[in-house]
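Just below is one structure, and these are the notes that go with it.
No hydrogens, no waters, no symmetry mates; every other heavy atom, side chains included, goes into these values. Since the model is a prediction, treat every value here as computed from it, not as a measurement.
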Amino acid sequence: MDTFNEVSRNRQILDRTLGILLLLIGIAIGVFLIPNFLPLLKRTPYLLLDPDAGVRHELGYAWFMQSIGWIIAFFAFRSGRAFLRDSKKPTSTSK
């Protein structure tokens with residue numbers, strides 16, 4: 001039974017470490033994306049009216065990359081929270 005307790009404790013430490021790491025990654029990606037997101041919001045209405053197709057293509061690509069970044073940040077943050085919750089659950093010991 002000592003082996004089970006040791007494995008459970010190591011699993012909790014691993015879950016806590018992964019949770020903190022994923023939370024920090026999610027926050028870092030979000031902070032990295034915010035400076036590019038705000039100017040993109042401001043210039044979008046003007047660039048949508050531009051007759052040049054290349055400008056509109058670049059705008060669509062910028063929005064696509066922003067959405068991919070936000071999706072990755074969201075799932076990293078949610079996964080980190082889930083790992084932290086799992087690390088706080090009590091382990092059941094069999095007798």
Side-chain angles (χ1 to χ4, degrees):
M1 286 196 224
D2 277 339
T3 305
F4 179 76
N5 289 336
E6 185 69 25
V7 170
S8 294
R9 194 167 42 119
N10 289 338
R11 173 73 187 262
Q12 284 181 338
I13 292 170
L14 180 65
D15 282 349
R16 188 177 306 124
T17 305
L18 282 175
I20 291 170
L21 180 66
L22 285 170
L23 280 173
L24 291 176
I25 287 172
I27 292 169
I29 291 172
V31 167
F32 178 73
L33 290 174
I34 286 173
N36 294 331
F37 182 65
L38 296 176
L40 183 63
L41 277 176
K42 290 178 184 175
R43 72 175 192 230
T44 295
Y46 304 109
L47 294 180
L48 283 175
L49 298 174
D50 196 337
D52 187 13
V55 172
R56 287 194 311 261
H57 174 70
E58 288 176 11
L59 178 68
Y61 182 74
W63 272 106
F64 176 73
M65 295 308 287
Q66 276 286 324
S67 63
I68 294 295
W70 285 110
I71 289 169
I72 291 171
F74 173 74
F75 281 113
F77 190 80
R78 288 278 310 257
S79 300
R81 277 189 10 197
F83 273 111
L84 279 178
R85 284 187 186 145
D86 286 345
S87 72
K88 293 178 182 175
K89 287 183 182 176
T91 59
S92 61
T93 57
S94 59
K95 293 182 181 182

- Task: Using the rule that two of Ile, Leu, Val, Met, Phe, Trp, Tyr join whenever any of their side-chain heavy atoms come within less than 4.5 Å, decide whether Phe64 and Val55 are in one cluster.
- Result: yes

- Query: So if you build clusters from Ile, Leu, Val, Met, Phe, Trp, Tyr with side-chain heavy-atom gaps below 4.5 Å, do Ile68 and Phe75 land together?
  - Reply: no

- Message: With rounding to the nearest 0.5 angstrom, report the OG to CD1 distance, Ser67 to Ile72.
- Response: 9.5 Å

- Task: Could you name each residue pair satisfying side chain to side chain donor-acceptor pair (under 3.5 Å) that touches residues 72-84, not counting sequence neighbours?
- Result: none

- Message: Let me confirm one number: the CG-OG1 distance from Asn10 to Thr17, rounded to the nearest 0.5 Å.
- Response: 10.5 Å

- Contacts satisfying salt bridge (charged side-chain N to carboxylate O under 4.0 Å, His left out) that involve residues 14-30 (not counting sequence neighbours) are Arg11-Asp15

Return all side-chain donor-acceptor pairs below 3.5 angstrom for residues 21-48, not counting sequence neighbours, or 'none' if the list is empty.
{"from": "Thr44", "atom 1": "OG1", "to": "Leu40", "atom 2": "O", "distance (Å)": "2.5"}
{"from": "Thr44", "atom 1": "OG1", "to": "Trp63", "atom 2": "NE1", "distance (Å)": "3.0"}

- Message: Between Phe74 and Ile71, is there shared hydrophobic-cluster membership here, with clusters defined by ILVMFWY side-chain heavy atoms closer than 4.5 Å?
- Response: yes

- Any pair counted as salt bridge (charged side-chain N to carboxylate O under 4.0 Å, His left out), so long as it reaches residues 49-63, sequence neighbours left out: none

- Item | Contacts of Asp86 that satisfy salt bridge (charged side-chain N to carboxylate O under 4.0 Å, His left out) - sequence neighbours left out | Lys89

- For Gln66, what residues pass the side-chain hydrogen bond (donor to acceptor under 3.5 Å, both in side chains) criterion, not counting sequence neighbours? Trp70

